[in-house]
There are 2 protein chains.
Amino acid sequence: MTKVKGDTDTATQILDVAERLAQVRGFNGFSYADIAAELHLTKAALHYHFAGKAELGEALMTRYATRFSDALAAVESRVDDAAGRLDAYADLYLGVLRKERMCLCGMLAAEYETIPVPMRDTVLRFFEANEEWLTRVLEQGRAEGQLQFAGPPADTARMIVSSLEGALLVARPFGDITRFQMAATQVLAGLRAASTGVV
Amino acid sequence: MTKVKGDTDTATQILDVAERLAQVRGFNGFSYADIAAELHLTKAALHYHFAGKAELGEALMTRYATRFSDALAAVESRVDDAAGRLDAYADLYLGVLRKERMCLCGMLAAEYETIPVPMRDTVLRFFEANEEWLTRVLEQGRAEGQLQFAGPPADTARMIVSSLEGALLVARPFGDITRFQMAATQVLAGLRAASTGVV
DNA sequence: GTCTATAGGCAGATAGAC
DNA sequence: GTCTATCTGCCTATAGAC
């Protein structure tokens, strides 16, 4: 099952480096030269695998979306209760911060006006997919009486996504993981039903 | 009192254009050529006013911080109650979104690794100044029984700043103002004491 | 697949005339 | 203060050898 194809091949290595650079420096903050130097290749070799930076960016987004969607599915199969799923969701962001990165789509949201047009829709669809997943979790949690919130679950889902993205955005420059954790904890604590709520 | 100096002079015009470009496209997303073209000047003229892009960036930050601090003072003199001040604070962000911009410091937080070093501290101090102001408002609101939240006010202040930054970050690419408003409303609603809380 | 070599463009920046 | 002219460097991208 491992290494079906493209596990450690050059294209994958390029994507790995590009992804890290995009998450740390932004899509406009790295060049083909940066990737080439790190992989001890030439820029020309990169163009063989990805026609241009725009195409590389699209490949980046496609892979990122798939991976995130897989991560959400993994959370669902690993954790049963809604509150636990929300915590696990926040932990996905925490993992990104631990690597001193920004969420790729959060970064691209900031750079939205300057990224290649084909990447833009993918950014929006990433947020929507996250919101849809959270909406289902919130509906479940409310139905089971574990979660408590006013208004449509979809609105709260949007609030969660943007709050966590923001917590990542602000915590990263401070290099302070607890800054993220406290913000995330506070956002999610407000959704817990009184019986399981804050002391 | 108006036009003491630098009200419509070239340096101010340069800052105005640079600020908008930085908030829309990012600090790495515009060039001296962009500013020069918009003001019908040459790049050389810009270098007369600001030695380099790094110096322009510093001037940008200084002015932005001052302006924001003035805006917070204005809120305090205009609104008395803590809940109203929080709403007014969120409205500051809303005003940025209405101009289809990102918060300058939120944008620079994303670009943190690539911006000139002297600008970095200013970004962090901007967030801290916001948090300090919010902390005072939260303390006031809790003392008066208008606001309700668990833990240190400073923690909740951080949560508010990052949540609003995130709401701006995500709402802007969607071009959807209500997306921001709903997120902001939900974040702040959770802080209102039960008597004035959500129906 | 990866290389060398190179093209064409734009970036930030400077010198010196007016 | 603003200009023209120019520099150096990096960017994305391509042609063609191996």
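Note that the structure is a prediction, hence the values are computed from the model and not measured. When reading the values below, keep in mind they use all heavy atoms of this one structure, side chains included, and skip hydrogens, waters and symmetry mates.
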task = Establish, with yes or no, whether the OP1 or OP2 oxygen of D:dT2 is under 4.0 angstrom from a side-chain nitrogen or oxygen of B:Y48.
result = no
ask   = Roughly, in whole Å, what's the span from OH in A:Y32 to C1' in D:dC10?
value = 16 Å
query = How would you label the contact of A:F50 with the nucleic acid (heavy atoms, under 4.0 Å): base, sugar-phosphate, or nothing?
reply = nothing
query = Hey, does the side chain of A:T42 come within less than 4.0 Å of C:dT2's phosphate (OP1/OP2), counting only N and O?
reply = no
request  = Check every atom of C:dT14, C:dA13, D:dA13 against the side chain of B:K53 and return the nucleotide holding the closest atom.
outcome  = C:dA13
query = How is B:S31 classified with respect to the nucleic acid when contacts are heavy atoms under 4.0 Å: base, sugar-phosphate, or nothing?
reply = sugar-phosphate
ask   = To the nearest angstrom, how far is B:H47 atom NE2 from D:dT4 atom P?
value = 15 Å
ask   = Where the side chain of B:T10 is defined as all heavy atoms beyond and including C-beta, which of D:dT2, C:dC3, C:dA15 is the nearest nucleotide?
value = D:dT2
Short side-chain to backbone donor-acceptor contact, A:Y32 and A:G52, under 3.5 Å = yes
remark   = Sorted by chain and number, sequence neighbours left out, ring-ring contact (aromatic ring centres under 6.0 Å, His included) with A:F30 holds for A:F27
Main-chain N/O of B:A83 paired with B:Q146 side-chain donor or acceptor, under 3.5 Å = yes
ask   = Where each residue is assigned the nucleotide of DNA chain D containing its nearest heavy atom, which of B:K43 and B:H40 is assigned the position nearer the 5′ end?
value = B:H40
